[in-house]
There are 2 protein chains.
Amino acid sequence: MKKYINVLTGSILFKNIKEEQINEILKLGDFNIKEYDKNECIYHKEDTVKKFGILLSGKASIIKEDYWGNKNIVTNINKGDLFAEIFSILYEEPLNVSVVSTENSRILFINISNILNSNKSSEVINIFTKNILRIISKKTLILNKKIEYLSKRNLRDKILSFLSDQAQLNGNKSFYIPFDRQQMADFLATDRSALSRELSNIQKEGLIEYNKNHFILK
Amino acid sequence: MKKYINVLTGSILFKNIKEEQINEILKLGDFNIKEYDKNECIYHKEDTVKKFGILLSGKASIIKEDYWGNKNIVTNINKGDLFAEIFSILYEEPLNVSVVSTENSRILFINISNILNSNKSSEVINIFTKNILRIISKKTLILNKKIEYLSKRNLRDKILSFLSDQAQLNGNKSFYIPFDRQQMADFLATDRSALSRELSNIQKEGLIEYNKNHFILK
DNA sequence: AATAATACGTTGCATTTGCAACCAAAAGGA
DNA sequence: TCCTTTTGGTTGCAAATGCAACGTATTATT
């Protein structure tokens, strides 16, 4: 545990909370840590979960899969991130998304309800609650972004709105996206070959330049 | 104000909070109330907002509009609902969505940050914070649902996943959706005529029956 | 180094979709 | 009641897209 405490102190979840208080909260949340190999399933979409996860090391993706198996990456998860979809636990609904490790990963699980509903109305719990609020607010913004991309009437506009946001995010016209081609297609809810074709078209018209996951906007 | 207090006591935002304490919170949040005619703009997407709104009476829609003016209804807002997108205030980002009244409406504005950051770490504030958490969690679920629809590879599947969720929501194969045809098209990010055509096709194949905004799944 | 596996681009084709134009029915106003 | 406005269905057409199949370059494995 100790070796990961700096991941936790660095995470938004425990922002403004001291190390010894973090331990206190973890205990309250009946925490445990589990390791996963690459491509292992961390949560399955039909699970109803009590605890939710924080990625201590490695990488993972939140994936939505439809009836026929079309996969759609909702978000990538990086170190320190928590799986905000898991807020469905507050409503005790099934997840309806799966979480899959994309690298060897180590995950901390805690029972949020335990913490939120602990009768101790201490200052720490208060800060913790606000931190969660902040995280899920950000999640909402990200989901809204995604809806913005998906709402475009054609693939070209989906691509361009996504790329221009990525550029903005990186503060540079030249940037790397965190997806390979198939993942990008899944994220934009389209077909890989259709995506390749359209990227190619856009490049021919001189709007962008790209190679693999590196892009330059013109 | 008094005539709306029951709207507030009935809302999730003030759940488990007594009437006199609601007043206390409202004061802390520097509240005000404003009226809007049908089709008036309540928030514009470029606004950066300090206060956010709770619909006391009437109806409104959260609308995303792209560069070329294609409108996309993100959600409808009903009595007691608050505009969760406005959680961007926690990040002080521009809204990037607009809120428009679809009926004559009356809206209560409060400054959430004032309340959350008030040093009084009273029990009431604590409950209030949890209520907000609950609301935005639900919002996240709704956004996830929407992403699920929009991620379908073709219009038919968008329609069918939307309708089957609506049926589930109403607990009945026969139900009314809260959209007219144009709004439904905007919500599913497609063209109205394309939507009509596909609905018609699906009906011909006997999967659904419909008339205006009333649907029956087979 | 040889081989296998993966990632990405390309292309043909059938289907879907956006768009525009038009018509009919229903609702609202004068 | 008559006229206007709104709402929704239909259709033709061009363009976009999903899908499958295939080729090549890159990366991983032995």
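Chain letters run A, B, ... following the sequence lines, proteins first, then strands; residues in each count from 1. Worth saying up front: this structure is predicted, and the values here are computed from it rather than measured.
B:Asn131 and B:Lys15 make their closest contact through ND2-O, 2.8 Å (heavy atoms, listed as atom of the first residue, atom of the second, distance).
Distance CD (A:Glu209) to C1' (C:dG9): 17 Å, rounded to an integer number of Å. A straight line from CD of A:Gln203 to C1' of C:dG9 spans 11 Å, rounded to a whole angstrom. The distance from atom CG of B:Leu155 to atom P of C:dT16 is 10 Å, rounded to the nearest whole Å. Separating the CG atom of B:Leu195 from the P atom of C:dT17 is a distance of 11 Å, rounded to the nearest angstrom. One atom, CD1 of A:Ile202, and another, C1' of D:dT17, lie 14 Å apart when rounded to the nearest Å. The distance from atom CG of A:Asn154 to atom P of C:dC19 is 8 Å, rounded to the nearest whole Å. Spacing between atom NZ of B:Lys152 and atom P of D:dG18 amounts to 14 Å, rounded to whole angstrom units. Remark: P of C:dG18 and CG of B:Asp186 are 12 Å apart, rounded to the nearest angstrom.
In this pair, B:Tyr210 and B:Phe215 present their aromatic rings parallel. The plane angle is below 30°, not in the 30 to 60° band.
Residues B:Lys204 and B:Ser200 have side chains in contact (heavy-atom distance under 4.5 Å, counting atoms from C-beta outward). Contact annotation: the side chain of A:Ile208 never approaches that of A:Lys218 to less than 4.5 Å [non-hydrogen atoms, C-beta and beyond].
B:Asp191 comes within 4.0 angstrom of a nucleotide base, judged by non-hydrogen atoms across all strands.
Remark: B:Lys51 engages B:Asp30 in a salt bridge, criterion side-chain N to carboxylate O under 4.0 Å.
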Note to self: Run A:Phe179 and A:Phe187 through ring pair (Phe, Tyr, Trp, His ring centres under 6.0 Å) and show every step you take.
What the structure shows: CA-CA 9 Å; A:Phe179 297 133; A:Phe187 183 80; 5.0 Å; yes
Margin query: How would you summarise protein contacts on nucleotides 4-13 of chain D per nucleotide, using B for base, S for sugar-phosphate only and - for none, with heavy-atom distances below 4.0 Å?
Written below: ----BBBBBB
